[in-house]
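Side chains included, hydrogens not; waters and symmetry mates left out as well; all remaining heavy atoms used.
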Amino acid sequence: LLLSASAQQQFAVVNLIRHGERNNNHSDIHLTHEGRHRAAYIARCVGEARHRTMAFPLGPPTKLLASERPGSATKKASNRPIETLEPLS
């Protein structure tokens, strides 16, 4: 496999962000007030990354991914990962 010089020099940074806080009531699939506050804080940090930073050395993210857990017989549903990223989108 031959790659051009520019393709060989490309790289990506992947930031993993854990979902915000959940309720003690595990049947509640949404973020708590504190979880929504944390999600807003993360969005502000990313929004301030217009330039390269330690957390975002390539500038602000170009892609956002969140896990989706609709629920099954063995696992409960969770909207927390998606709700954590919503302020960023």
### Summary
Value for CG (Asn25) from OG1 (Thr32), rounded to nearest 0.5 Å, stands at 12.0 Å
### Task
Using the rule that two of Ile, Leu, Val, Met, Phe, Trp, Tyr join whenever any of their side-chain heavy atoms come within less than 4.5 Å, decide whether Ile42 and Leu85 are in one cluster.
yes
### By side chain to side chain donor-acceptor pair (under 3.5 Å) - contacts of Glu21 (at least two apart)
Arg38
## Note on the structure
Nearest heavy-atom contact between Leu31 and Glu83 is N-OE1, 2.8 Å
### Message
Please report the interatomic distance CD(Glu34) to CG(Asn23), rounded to the nearest 0.5 Å.
### Response
8.5 Å
### Task
Measure the spacing between NE2 of His19 and OG of Ser78 and express it to the nearest 0.5 Å.
5.5 Å
### Minimum-distance pair of heavy atoms, taken over all atoms of Ile29 and Ala77
CG2-O, 3.0 Å
### Message
Hydrophobic clusters here meaning ILVMFWY residues chained together by side-chain heavy-atom distances under 4.5 Å, can you tell me if Ile17 and Tyr41 are in one?
### Response
no
### Query
What are the two closest non-hydrogen atoms of Thr84 and Arg18, and how far apart are they?
CG2-O, 4.2 Å
### Summary
To the nearest 0.5 Å, atom CG of Leu64 lies from atom CD of Glu86 at 11.5 Å
